[in-house]
2 protein chains.
Amino acid sequence: MTETGPSRIQSEKRAAILGAALEVFAAEGFRGATLDRIAGEAGLSKPNLLYYFPSKEEVHEALLSGLLDLWLAPLRRIDPDGEPMAELLGYVRRKLALSRSHPRESRLFANEILQGAPRIGPTLSGALRDLVEEKAQAIAAWAETGAIAPVDPRHLIISVWALTQHYADFDVQVRAVLGRDDPLDGAEAHLEMLFERLLAPRA
Amino acid sequence: MTETGPSRIQSEKRAAILGAALEVFAAEGFRGATLDRIAGEAGLSKPNLLYYFPSKEEVHEALLSGLLDLWLAPLRRIDPDGEPMAELLGYVRRKLALSRSHPRESRLFANEILQGAPRIGPTLSGALRDLVEEKAQAIAAWAETGAIAPVDPRHLIISVWALTQHYADFDVQVRAVLGRDDPLDGAEAHLEMLFERLLAPRA
DNA sequence: TCCCGATTTGACCAAAAGGTCAAAGCGACG
DNA sequence: CGTCGCTTTGACCTTTTGGTCAAATCGGGA
């Protein structure tokens with residue numbers, strides 16, 4: 001009964017495929033991506049790719065599952081018992097860091113949402129909604145005590161998503177406007193200031 | 001030499017095609033969209049569509065050209081000689097209104113940028129960049145006089161884009177979280193407040 | 001070294017998709 | 001009401017693409 005995990009070559013090839021697929025799906029969307037291109041970028045042939053994943057759909061699925069977890073981790077780490085301002089600014093910082101470190105994941109997610117979330121729709125109105133509701137409660141409580149200025153907690157969260165993800169998803173446009181090497185540098189200071197001003201308790 | 005414009009039927013069919021194409025390109029991206037679907041949605045056959053436009057590329061091109069103009073109109077209307085706070089809040093309001101009235105255009109644009117702006121790339125680093133630079137100057141001047149709080153003008157503009165477009169592009173996600181009929185209603189108040197707090201002159 | 005299962009590949013298939021074309025249909029104007 | 005040009009269509013072509021399969025190759029343990 002010795003459970004044999006996937007062989008070394010299995011994990012390596014599967015990882016290579018997922019890496020290439022992330023690149024291609026993020027850049028072209030699901031329908032625009034081709035197995036040939038993914039296989040080529042992963043350094044193997046199409047039939048070989050199909051040996052590791054039964055279909056294009058399943059490759060995509062493998063990427064998407066788990067993505068939401070990664071994506072929501074920063075929000076999840078908000079601690080209702082922490083110092084409100086620090087918690088929220090920390091959230092913004094973590095989310096922006098994620099955009100910088102995982103731009104392809106961001107674009108993969110953006111593609112899925114843009115297309116109407118055909119594959120993760122249910123999760124959105126399930127787990128996602130629940131998590132947002134939970135954290136919104138905490139934020140609302142903070143606002144009530146006056147620890148932060150009054151805000152609509154849900155729209156606040158949406159604002160964090162919009163502002164941080166934009167730098168990854170609209171990278172080319174941001175670069176065209178800023179013409180800088182790493183636009184994320186300036187973004188960090190800007191966003192920190194933005195949320196400080198937005199949330200600073202009123203006198 | 002009586003110039004005969006396009007016949008009534010010509011304009012009608014071309015408009016129908018562009019409408020359908022906007023819908024499909026926005027939802028599926030360029031490569032994901034098919035001529036059959038566009039033709040079907042426009043109420044004609046594929047060869048008939050090809051009678052009005054020489055190729056899929058040209059349909060897409062027709063949509064994209066002019067889109068940037070529409071998209072940048074709100075920014076263009078910022079008046080350097082106007083009242084700073086009113087100008088900027090007016091800009092936000094106009095941009096959000098555009099997201100509400102033209103969600104498909106927003107998604108078409110998002111798709112193009114996500115895919116690396118293969119078709120409007122040059123315009124981005126040309127006309128777009130120039131316009132942003134021009135308006136950034138005005139905003140910087142306002143900040144200098146203390147009429148608004150100090151901000152990085154370019155990142156401010158990017159923030160407006162991110163926040164307003166997000167409501168159109170990520171519509172399904174926003175709806176999943178808010179569960180409301182029209183999320184844009186709450187958004188307007190929220191964004192107005194956000195930018196007021198961000199830009200209100202310091203004491 | 002030999003063997004057997006894991007891995008890889010070239011050839012192939014069917015469906016989808018962009019595009020062409022000649023012929024048929026239609027409509028406005030003389 | 002007949003004609004001529006604008007419009008529409010079905011049939012067809014080629015390329016691309018997701019996927020299959022049998023055969024070949026590889027690689028590590030006995």
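Please read all numbers here as calculations on a predicted model, not as lab measurements. Every chain is numbered from 1, with letters handed out A, B, ... down the list of sequences.
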Would you classify [X] as touching base, sugar-phosphate or nothing, given that sugar-phosphate means primed atoms plus P, OP1 and OP2, and contacts are heavy atoms under 4.0 Å?
X	result
Ala39(A)	nothing
Tyr52(A)	sugar-phosphate
Arg31(B)	sugar-phosphate

For the pair made of [atom1] in [X] and [atom2] in [N], what is the distance, rounded to whole Å?
X	N	atom1	atom2	result
Phe53(A)	dT7(C)	CZ	P	13 Å
Phe30(A)	dT17(D)	CZ	P	14 Å
His60(B)	dG19(C)	NE2	P	13 Å
Leu35(A)	dC13(C)	CG	C1'	16 Å
Arg37(A)	dG18(D)	CZ	P	12 Å
Lys56(A)	dA15(C)	NZ	C1'	14 Å
Lys13(A)	dT9(C)	NZ	C1'	12 Å
Leu50(A)	dC13(C)	CG	P	18 Å

| What nucleotide, of dT9(D), dG19(D), dG10(C), holds the atom closest to the side chain of Pro47(A)? |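 So the nucleotide nearest the side chain must be dG10(C).
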| request: Could you check which of dA6(C), dT9(D), dG18(C) has an atom nearest any side-chain atom of Tyr51(A)? | output: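 Side chain of Tyr51(A) sits closest to dA6(C).
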| query | Is any side-chain N of the basic residue among Lys46(B) and Asp36(B) closer than 4.0 Å to the acidic one's carboxylate O? | reply |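 A salt bridge is present here (some side-chain N lies under 4.0 Å from a carboxylate O).
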| query | So does Lys46(A) reach the base of dG18(D) with its side chain, donor to acceptor, closer than 3.5 Å? | reply |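 Looking at the base of dG18(D), it does pair with a donor or acceptor on the side chain of Lys46(A) (distance under 3.5 Å).
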| query | Can we call the ring centroids of Phe109(B) and His102(B) under 6.0 Å apart? | reply |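 No, too far apart.
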| said: dT7(C), OP1 or OP2 - any side-chain N/O from Asn48(A) closer than 4.0 Å? | reply: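 Result: no.
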| Within less than 4.0 Å of OP1 or OP2 of dT8(D), is there a side-chain N or O belonging to Ser45(B)? |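 No, Ser45(B) has no side-chain N/O under 4.0 Å of OP1/OP2 on dT8(D).
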| task | Quick one: sort the Phe25(B) and Phe30(B) rings into parallel, tilted or perpendicular, breaks at 30° and 60°. | result |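 It falls in the parallel class, under 30°.
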| field | Pi-cation contact, Phe53(B) with Arg14(B) (under 6.0 Å, within 45°) | value |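 Yes, Arg14(B) lies over the aromatic ring of Phe53(B).
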| request: Report the residue from Thr164(B), Ile157(B), Ile158(B) that forms a side chain to side chain contact (heavy atoms under 4.5 Å, CB included) with Val160(B). | output: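 One option only clears the test, and that one is Thr164(B).
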